[in-house]
Each structure stands twice: as structure tokens, then as C-alpha cells.
Amino acid sequence: MATTPASPSTNDDAPETPAVGKGRATPTRAEQEAARRRPLVANTKEAKAAAKAELNERRARAQAGMAAGEEKYLPARDKGPQRRWVRDYVDAGWHPAEFVMGVMVLVILASLLPTNMMISFYAYIVMMGYLVIAIGGMILLGMRVKRKAAAKFGKDRLERGLGWYAAMRSLQMRFMRLPKPQVKRGQYPA
């Protein structure tokens with residue numbers, strides 16, 4: 001036997017005439033496309049200038065923080081207490097390797113003198129001898145730093161590459177080092 005669905009209940013409170021339409025006219029296709037049209041990059045000149053100024057300010061702050069040796073702004077190769085100790089140790093001393101660039105400039109200038117070829121030859125020999133002395137100083141500095149760091153921090157807790165880090169820092173001229181030297185010459189760390 002088939003059953004018929006129940007008829008919906010009638011509500012006497014409903015209005016007699018239903019609302020017609022949605023209360024506004026349907027926009028044309030041209031109006032809809034115009035409403036959707038916007039630039040691909042929604043930045044104005046002012047917004048771009050503000051973003052650029054903010055980026056430059058952040059870069060300047062990071063550069064100043066790195067130069068000052070703030071741990072937050074240092075690259076991974078310079079972070080940590082052992083690397084800071086090595087930087088201070090290297091910055092406290094005089095090293096022949098930091099004057100290599102100056103010696104090379106003098107040799108180039110001497111080789112440009114048109115007076116005598118023997119001056120150029122001897123300048124080249126002096127430069128080669130100075131390079132041998134500088135490389136020897138870098139090797140000795142690396143060994144000394146590793147030995148002293150092992151005594152200070154413990155041989156089992158020693159980071160790798162401290163000797164190389166010290167040698168490469170000593171190769172840079174003092175005023176060009178980043179992070180900037182935090183100690184004066186002769187103030188070796190404890």
C-alpha cells in the first residue's frame with residue numbers, strides 16, 4: 001500500500017505576497033568585470049616606498065648588529081662562545097698575515113717603475129718571502145688557538161675549524177674584519 005507524503009502545514013502568519021527579486025537590479029557583465037578588475041600587484045607608490053624604507057632600515061640594523069658582534073645578527077660561522085673567544089684572541093695580537101695586501105700593493109707599484117728590472121725581481125722575491133712568513137704565522141696561530149681553546153673549553157667540547165677560523169681572520173686587515181674587533185691589541189682573552 002502506498003503512502004502519500006504529508007502535506008505541508010499551512011501557516012496563517014505568512015504574508016500573502018512573496019517578495020519579488022533580490023531587491024536590486026542584476027549588474028551587467030561589463031559592471032561585474034569592472035568590479036573584478038584590479039592590479040596584479042596591489043601596491044601603490046607610497047606602499048612600495050614604505051616597504052623599501054623599512055627593508056633598508058632592517059638591513060642597516062642587521063649590518064650594525066653584525067659589526068658590533070651581536071649574536072642575533074652573526075652568520076652561522078661566527079656564532080658561539082668559542083668563536084667569540086677566537087675572534088678576541090686573534091684581534092688582540094699582531095700577525096704578519098694581516099699586512100699581506102699592503103706588501104702586495106707595494107710590490108705591484110715597485111714592478112711598475114720603469115727604471116730597472118732588478119727592482120721588480122727583488123720586490124717579487126721579497127713578496128714571496130713575506131708570503132712564506134705569513135703562511136707560517138697562520139699555521140702557528142691556528143695550532144696555538146686550538147691548544148688554548150682546548151685548555152679553556154675542554155678537548156671533548158671543542159668545535160671543529162677553530163684553527164682555520166683564526167688563520168682566516170688573521171689574514172684580514174684589522175679595520176676590514178667583520179664582526180669588528182671588540183678588544184684592543186694586547187688584551188688577550190682569559
Side-chain angles (χ1 to χ4, degrees), residues 1-92 95 97-102 104-105 108 138 142 145-146 149 152-154 156-184 189:
M1 188 148 121
T3 60
T4 59
S7 63
S9 65
T10 59
N11 189 356
D12 292 335
D13 296 337
E16 292 292 324
T17 59
V20 178
K22 54 190 173 284
R24 59 183 167 81
T26 302
T28 64
R29 173 175 282 177
E31 290 171 343
Q32 288 177 338
E33 288 176 354
R36 283 195 306 262
R37 198 169 292 139
R38 64 182 186 275
L40 293 177
V41 179
N43 282 342
T44 62
K45 286 185 179 180
E46 297 83 20
K48 285 180 185 178
K52 187 175 180 180
E54 192 266 335
L55 178 66
N56 287 340
E57 187 269 325
R58 274 192 291 142
R59 281 184 181 157
R61 175 67 188 120
Q63 182 70 20
M66 189 173 101
E70 293 180 34
E71 196 77 17
K72 175 174 140 182
Y73 297 109
L74 292 177
R77 69 182 165 97
D78 293 327
K79 286 186 178 181
Q82 293 183 21
R83 299 289 171 132
R84 176 176 289 280
W85 183 86
V86 170
R87 281 195 307 271
D88 290 344
Y89 188 86
V90 171
D91 293 339
H95 310 286
E98 65 186 285
F99 302 109
V100 166
M101 291 297 283
M104 287 184 175
V105 168
I108 290 172
M138 290 169 61
V145 161
K146 285 195 282 187
K152 180 175 176 58
F153 296 105
D156 55 333
R157 297 180 54 214
L158 201 61
E159 291 180 15
R160 291 187 56 175
L162 290 181
W164 180 256
Y165 183 69
M168 290 298 106
R169 187 156 176 96
S170 73
L171 187 58
Q172 299 169 345
M173 288 185 263
R174 184 177 169 92
F175 69 92
M176 294 180 72
R177 295 177 184 164
L178 274 180
K180 296 286 184 194
Q182 304 293 314
V183 297
K184 293 186 191 300

*Asks:* Which atom pair, heavy atoms only, marks the closest approach of L178 to D78?
*Replies:* O-OD2, 4.2 Å
*Asks:* Kindly write out the residues that satisfy side chain to side chain donor-acceptor pair (under 3.5 Å) with R84, not counting sequence neighbours, or none if the list is empty.
*Replies:*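 Expected list: none.
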*Asks:* Quick one: list whatever passes side-chain contact (heavy atoms from CB on, under 4.5 Å) with A51, sequence neighbours left out.
*Replies:* none
*Asks:* Is a side-chain N or O of Q182 found less than 3.5 angstrom from the main chain of D88, in a donor-acceptor match?
*Replies:* no
*Asks:* Would you say that Y89 contacts V183 through its side chain, given a criterion of any heavy-atom pair below 4.5 Å between the two side chains?
*Replies:*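 Not touching, per the 4.5 Å side-chain cut-off.
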*Asks:* Suppose we screen for side-chain contact (heavy atoms from CB on, under 4.5 Å). Which residues come up paired with K152, at least two apart in sequence or across chains?
*Replies:*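 Testing K152 for side-chain contact (heavy atoms from CB on, under 4.5 Å), a comparison that skips the adjacent residues, returns W85.
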*Asks:* Measure the OH-OG distance between Y165 and S170 for me, rounded to the nearest 0.5 Å.
*Replies:* 12.0 Å
*Asks:* Identify the two heavy atoms, one from G80 and one from E71, that lie closest to each other, and give their separation to 0.1 Å.
*Replies:*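 Shortest heavy-atom separation between G80 and E71 comes out as N-OE2, 2.6 Å.
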*Asks:* Of the non-hydrogen atoms in P179 and G69, which two are nearest, and what is the gap between them?
*Replies:* CB-CA, 3.9 Å
*Asks:* Which pairs with one or both residues in residues 23-33 pass salt bridge (charged side-chain N to carboxylate O under 4.0 Å, His left out), sequence neighbours excluded?
*Replies:* none
*Asks:* Please list, chain by chain and in numerical order, all residues satisfying side chain to side chain donor-acceptor pair (under 3.5 Å) with E159, sequence neighbours excluded.
*Replies:* R83
*Asks:* Mind checking what makes side chain to side chain donor-acceptor pair (under 3.5 Å) contact with K22, not counting sequence neighbours?
*Replies:* T26
*Asks:* Using the test side chain to side chain donor-acceptor pair (under 3.5 Å), find all partners of Y73 that sit at least two apart in sequence or belong to another chain.
*Replies:* none
*Asks:* Verify, without hydrogens or angle tests, whether H95 (side chain) and V90 (backbone) share a donor-acceptor contact under 3.5 angstrom.
*Replies:* yes
*Asks:* Name all residues meeting the side-chain contact (heavy atoms from CB on, under 4.5 Å) criterion together with L158; count only those two or more places apart in sequence or in a different chain, and write none if there are none.
*Replies:* Q82, A149, A150, L162
*Asks:* Which residue pairs satisfy the side chain to side chain donor-acceptor pair (under 3.5 Å) criterion with at least one member in residues 51-64, sequence neighbours excluded?
*Replies:* E54-R58, R61-E70
*Asks:* Got a sec, which pairs hit salt bridge (charged side-chain N to carboxylate O under 4.0 Å, His left out) with one end in residues 166-183, sequence neighbours left out?
*Replies:*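 Non-adjacent pairs meeting salt bridge (charged side-chain N to carboxylate O under 4.0 Å, His left out): D91-R169, D91-R177, E98-R177.
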*Asks:* Kindly compute the distance separating CZ (R160) from NZ (K146), expressed to the nearest 0.5 Å.
*Replies:* 10.0 Å
*Asks:* Quick one: list whatever passes side-chain contact (heavy atoms from CB on, under 4.5 Å) with M101, sequence neighbours left out.
*Replies:*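 Per chain and number, M101 pairs via side-chain contact (heavy atoms from CB on, under 4.5 Å) with M173.
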